[in-house]
Amino acid sequence: MPTSNTLQDHNEEVSFFDMVYQVVRLIPEGRVTSYGAIGSYLGAARSARMVGWAMNNAHHLDPPVPAHRVVNRAGQLTGRAHFNPPERMQELLEAEGVNVTEHQIDHFDTVFWDPSVELSL
DNA sequence: CGATTGACGTACG
DNA sequence: TCGTACGCCAATC
């Protein structure tokens, strides 16, 4: 029996946070996805904010989560400020073959990786 | 303990 | 069609 005796007895799957981490780790190199896409894949399209918030926790996770492959719906590296250093996010993306200009991913529609599509749910 | 924020996105006016 | 408001769940103040 789980340690937590929360009100949610319907915990059939892991927490939303954990699911986010799992999906982010499934992102292949050279591909990126958006917070909303992950949230939508998890069945909560409106919880895009939560996905980003989960990334904050991702920094102390093991193994580390490739948060640099997660950007907003516009393809902008909005979360770069939370990296160390912030420019590290762009460097990591370029190292995987993803070109970034002015914190904006080039050909975002091409490198975009939609979990609900690639995972063929 | 209660209110606000937070790496966004969708819905509504 | 464009602009504004709300929602998601958890953590922080």
Side-chain angles (χ1 to χ4, degrees):
Chain A
M1 138 178 196
T3 57
S4 58
N5 188 17
T6 59
L7 301 176
Q8 297 180 351
D9 291 332
H10 298 286
N11 251 348
E12 296 176 328
E13 312 230 349
V14 294
S15 300
F16 186 85
F17 262 57
D18 292 333
M19 294 181 72
V20 172
Y21 303 137
Q22 297 294 344
V23 176
V24 174
R25 281 189 251 177
L26 292 175
I27 303 173
E29 293 185 4
R31 292 284 187 271
V32 294
T33 190
S34 63
Y35 307 98
I38 297 172
S40 181
Y41 174 69
L42 298 178
R46 298 181 181 170
S47 57
R49 292 172 55 170
M50 257 313 83
V51 178
W53 200 237
M55 297 282 97
N56 249 324
N57 241 1
H59 281 279
H60 66 77
L61 282 180
D62 180 46
V65 177
H68 62 277
R69 294 178 187 159
V70 184
V71 297
N72 68 349
R73 194 173 135 15
Q76 296 175 295
L77 281 59
T78 52
R80 65 186 146 69
H82 293 257
F83 276 77
N84 180 37
E87 50 203 55
R88 182 60 181 273
M89 185 175 186
Q90 179 173 339
E91 292 179 356
L92 290 170
L93 289 172
E94 290 181 336
E96 295 181 356
V98 179
N99 293 336
V100 179
T101 304
E102 294 291 309
H103 306 151
Q104 169 86 29
I105 296 179
D106 294 341
H107 305 285
F108 178 61
D109 57 338
T110 302
V111 298
F112 181 70
W113 182 82
D114 191 342
S116 52
V117 173
E118 300 300 328
L119 298 180
S120 301
L121 179 58

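Protein chains get the first letters and strands the later ones, always in sequence-line order, with residue 1 at the start of each.
Residue E94(A) holds its CD atom at 8.0 Å from OG1 of T101(A), rounded to the nearest 0.5 Å.
For the pair M19(A) CE and dA10(C) C1', the interatomic distance rounds to 16 Å; values are reported in whole Å. Taking atom CG on L77(A) and atom C1' on dC8(B), their separation rounds to 15 Å, with Å as the unit. In this structure, the CD1 atom of I27(A) is 13 Å from the C1' atom of dA7(B), given to the nearest Å. Rounded to whole Å, the distance from OH on Y35(A) to P on dC9(C) is 19 Å. A straight line from NE2 of H59(A) to P of dA7(B) spans 11 Å, rounded to a whole angstrom. Between L42(A) atom CG and dG7(C) atom P the separation is 21 Å, expressed in whole Å. What separates CG of N72(A) from P of dA7(B) is a distance of 12 Å, to the nearest Å. Rounded to whole angstrom, the span from the CG atom of N57(A) across to the P atom of dA10(C) amounts to 11 Å.
Exactly one of R88(A), Q90(A), M89(A) qualifies for a side chain to side chain contact (heavy atoms under 4.5 Å, CB included) with L92(A). That residue is R88(A).
Residue order along DNA chain C, read from the 5' end via each residue's closest nucleotide, puts A45(A) first among F17(A) and A45(A).
Among the heavy atoms of the strands lying under 4.0 Å from A67(A) is at least one base atom, whether or not backbone atoms are also near. Looking at heavy-atom distances under 4.0 Å, S34(A) makes contact with sugar-phosphate atoms alone, never a base. As judged by a 4.0 angstrom heavy-atom cut-off over every strand, F16(A) is placed among residues making no nucleic acid contact.
Using atom C1' as the reference point in both dA7(B) and dG3(C), the two lie 24 Å apart (nearest Å).
Out of dC9(C), dG9(B), dC8(C), the shortest distance to the side chain of R49(A) is found at dC8(C).
Of the charged side-chain nitrogens involved, at least one lies within less than 4.0 Å of a carboxylate oxygen, so that R69(A) and E96(A) count as a salt-bridged pair.
T33(A) contributes a side-chain N or O that, together with a main-chain N or O of W113(A), makes up a donor-acceptor pair within less than 3.5 Å.
Inspection of the H60(A) and N57(A) side chains reveals an N or O donor paired with an N or O acceptor under 3.5 Å.
One finds a side-chain N or O of R73(A) lying less than 4.0 angstrom from the OP1 or OP2 phosphate oxygen of dT10(B). Regarding contacts with the backbone of dC8(B), a side-chain N or O of T78(A) is found under 4.0 angstrom from either OP1 or OP2.
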